[in-house]
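Right, one structure below, let's go through it.
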Amino acid sequence: MPFIKNIVFAVGGLLISLAAGWLYAKAAIGGWKSSLIGGLIVGGTCALLGIGVSVLLRDVPPGILVFGTIGSAVAGLVGGAIGKLGARP
């Protein structure tokens with residue numbers, strides 16, 4: 001279905017990366033730098049794996065792998081910041 005392919009995959013993938021960054025920051029012992037970098041890495045890794053499978057299945061063009069991974073890495077970074085803001089001292 002076009003709606004799922006064009007909207008749900010993108011928004012859902014970004015939300016998964018944001019949640020992964022948030023969870024990382026909640027579990028991280030370090031300060032802001034490690035939470036943000038960790039969120040960036042886990043967010044990008046989530047997308048790289050998910051979009052990579054979609055590229056292999058020919059559901060999306062290969063260019064989406066780069067664009068989607070970068071966008072999801074930023075979402076993971078935002079999730080890391082949100083998670084760090086809510087962390088206890």
Side-chain angles (χ1 to χ4, degrees):
M1 292 184 62
F3 174 74
I4 292 174
K5 181 179 177 185
N6 297 327
I7 305 297
V8 176
F9 280 176
V11 174
L14 289 171
L15 289 174
I16 290 169
S17 292
L18 185 119
W22 179 78
L23 287 171
Y24 179 86
K26 289 297 211 180
I29 296 171
W32 276 93
K33 184 177 179 180
S34 66
S35 292
L36 296 177
I37 292 172
L40 182 90
I41 291 169
V42 299
T45 302
C46 286
L48 186 64
L49 294 172
I51 299 169
V53 169
S54 290
V55 169
L56 289 174
L57 294 173
R58 296 190 175 128
D59 288 335
V60 297
I64 298 295
L65 186 63
V66 174
F67 180 71
T69 300
I70 292 169
S72 289
V74 171
L77 180 117
V78 171
I82 293 168
K84 193 63 179 174
L85 282 174
R88 294 186 201 148

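Given the structure is predicted, the values throughout are model-derived calculations rather than measurements.
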What pairs with A19 under side chain to side chain contact (heavy atoms under 4.5 Å, CB included), at least two apart in sequence or on another chain?
none

Would you kindly confirm whether V78 and I37 end up in one hydrophobic cluster when ILVMFWY residues are joined by side chain heavy atoms under 4.5 Å apart?
no

CG/L77 to OG/S35 distance, rounded to the nearest 0.5 angstrom?
10.5 Å

Looking only at atom types and distance, does a side-chain atom of S72 sit under 3.5 Å from a main-chain N or O of T69, one as donor and one as acceptor?
no

With a 4.5 Å cut-off on side-chain heavy-atom distances among I, L, V, M, F, W and Y, is there a chain of contacts connecting W22 to Y24?
no

Linking directly or through intermediates, with side-chain heavy atoms under 4.5 Å: list the remaining ILVMFWY members grouped with I70, chain and number order.
V66

State, yes or no, whether a side-chain contact exists between L14 and F9 at a heavy-atom distance under 4.5 Å.
no

Let me have the donor-acceptor pairs involving side chains of residues 40-63, under 3.5 Å, with sequence neighbours excluded, atom names and distances please.
{"unit_1": "T45", "atom_1": "OG1", "unit_2": "I41", "atom_2": "O", "d": "2.7"}
{"unit_1": "S54", "atom_1": "OG", "unit_2": "G50", "atom_2": "O", "d": "3.4"}

